[in-house]
Amino acid sequence: MIKKLLLMGLMSLLLAGCATGYHSFGYAGGYWDAKGPGKLTRVGFAANGYSKTDTVAVYLLYRCAELAKQQDKPYFLLYETIGLAISGVPTEVAYAPTSYGKPDGMVFVMFTNEKAPGALSTQEILDKYAAQVKGVKK
Amino acid sequence: MKVLTWALLLVTSLFLVGCVAPIQYQFQPGAAKAKINLQAARGSWMCLAGQRYNLVPDHAGYADLPADERIGLGRTYYYSDGFNTYRCMPDPAVTFVPKADVRYTANFEIRGQRCSISVFKEDESTPTGLDYERSIGVAKNGCP
């Protein structure tokens with residue numbers, strides 16, 4: 001019994017050393033999304049302290065593309081802030097700055113059928129990062 | 001004696017709850033109101049004339065605001081990682097003058113351990129459904 005408990009403890013410690021993987025938000029972090037404000041959608045990815053900020057940024061961008069695909073939208077516009085969204089200034093890159101020692105990124109997204117200036121292609125993003133995010137071979 | 005002790009404890013607790021419970025703004029009958037969506041800023045409070053008031057959203061996430069008064073909007077955010085507890089309060093906090101029957105939306109964010117709160121006007125005619133609120137001002141501690 002003691003051996004089992006020790007083994008469980010050791011496994012927990014080993015697992016705690018892993019970076020946050022690509023999954024929905026839970027105890028170890030993950031992606032989340034919420035409708036609003038307005039016609040925008042907030043999409044975020046929170047990771048643990050073992051995760052790299054550029055990896056989390058890719059996860060965040062990929063999640064936006066997944067949501068666009070779910071809504072049958074071939075394009076999406078990515079905004080860093082609401083103000084930039086109102087001003088119509090999209091970005092092509094997601095960022096995940098460190099907050100309290102952990103990468104934590106959030107963007108505002110508008111899903112669209114039109115290829116507006118600065119709009120990202122849903123399928124292109126999914127294809128580009130699938131291998132990195134899910135280990136899926138092209 | 002036991003019953004009396006418990007009754008005294010209950011009365012004291014009720015009294016203390018009344019002391020520490022956040023105050024809710026009481027609107028005068030027929031007073032002009034605006035609405036603010038707090039879904040992206042849960043737990044925000046309002047400051048009017050130096051007094052802080054709790055904002056209570058309805059099922060759709062909207063709380064009432066007094067119109068034509070400069071109010072401050074703030075939030076105190078606590079986060080614990082199991083070792084330390086962090087506290088973040090937007091500074092400067094935002095103030096604005098809500099107009100009657102207009103809908104606003106508040107947004108609370110933490111980026112790089114700095115938190116901020118912002119307010120936008122809801123406007124269905126724009127691509128985002130939002131517009132800048134022109135009466136925005138700033139104030140220390142969220143109280144104008």
Side-chain angles (χ1 to χ4, degrees), chain A residues 12 16 27-29 32-50 53 56-57 60 75-91 94-114 116-119, chain B residues 35-44 57-63 73 75 77-90 94 96 102-134 136 138:
Chain A
S12 302
Y27 178 74
W32 59 269
D33 60 87
K35 285 204 181 298
K39 299 173 189 173
L40 301 168
T41 298
R42 283 178 295 142
V43 183
F45 197 106
N48 63 20
Y50 299 100
T53 56
V56 174
L60 181 55
Y75 303 100
F76 62 98
L77 291 152
L78 210 63
Y79 300 103
E80 281 189 55
T81 68
I82 298 175
L84 287 170
I86 292 172
S87 299
V89 182
T91 179
Y95 294 99
T98 302
S99 193
Y100 301 110
K102 303 173 187 179
D104 191 350
M106 185 186 71
V107 289
F108 299 92
V109 187
M110 183 103 80
F111 304 109
T112 177
N113 290 317
E114 299 159 12
Chain B
K35 284 197 178 289
I36 189 160
N37 190 323
L38 297 175
Q39 288 176 332
R42 295 179 198 279
S44 297
D58 59 20
H59 65 279
Y62 286 90
L73 205 63
R75 186 189 168 194
Y77 174 80
Y78 292 96
Y79 166 76
S80 175
D81 59 7
F83 298 101
N84 301 300
T85 299
Y86 305 93
R87 177 178 170 266
C88 189
M89 210 162 98
V94 68
F96 71 112
V102 175
R103 290 184 169 229
Y104 300 88
T105 193
N107 183 58
F108 176 82
E109 285 183 37
I110 299 177
R111 289 183 193 253
Q113 291 177 222
R114 287 206 66 179
C115 56
S116 64
I117 192 162
S118 49
V119 172
F120 299 91
K121 194 168 63 176
E122 292 188 0
D123 184 348
E124 281 295 317
S125 69
T126 66
T128 59
L130 301 166
D131 197 3
Y132 290 110
E133 169 50 31
R134 309 292 165 177
I136 288 289
V138 294

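Numbers restart at 1 for each chain; the letters A, B, ... are given by sequence-line order, proteins then strands.
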Task: Residue B/E109 versus chain A: region with a heavy atom under 4.5 Å - done: side chain
Task: Given B/F120, B/Y62, B/F96, the one that forms side chain to side chain contact (heavy atoms under 4.5 Å, CB included) with B/Y104 - done: B/F96
Task: side chain to side chain contact (heavy atoms under 4.5 Å, CB included) partner of B/N107, the single match among A/L40, A/T81, A/I82 - done: A/I82
Open item on the list: Test of understanding: with side chain to side chain contact (heavy atoms under 4.5 Å, CB included), list the residues that count as partners of A/T112, not counting sequence neighbours.
Closed with: A/Y75, A/L77, A/E114
Of the listed residues ([options]), which shares the most heavy-atom pairs with chain A below a 4.5 Å separation?
options                : answer
B/N37, B/T105, B/T128  : B/T128
B/E124, B/E122, B/Q39  : B/E124
B/D123, B/I110, B/D131 : B/D131

Open item on the list: Need one label for A/Y95: side chain, backbone, both or neither, based on atoms under 4.5 Å from any heavy atom in chain B.
Closed with: neither
Task: Region of A/A34 that comes under 4.5 Å of a non-hydrogen atom in chain B - done: neither
Task: From A/M106 atom CE to A/F45 atom CZ, the distance as rounded to the nearest 0.5 Å - done: 15.5 Å
Open item on the list: For the CG atom of A/N113 and the CZ atom of A/F76, what is their distance to the nearest 0.5 Å?
Closed with: 14.0 Å
- [ ] With side-chain contact (heavy atoms from CB on, under 4.5 Å) as the test, would you mind laying out the steps for B/I136 and B/V119 before giving the verdict?
- [x] CA-CA 8 Å; B/I136 288 289; B/V119 172; 4.1 Å; yes
Open item on the list: Counting heavy-atom pairs closer than 4.5 Å to chain B, which one of A/R42, A/K39, A/M110 comes out on top?
Closed with: A/K39
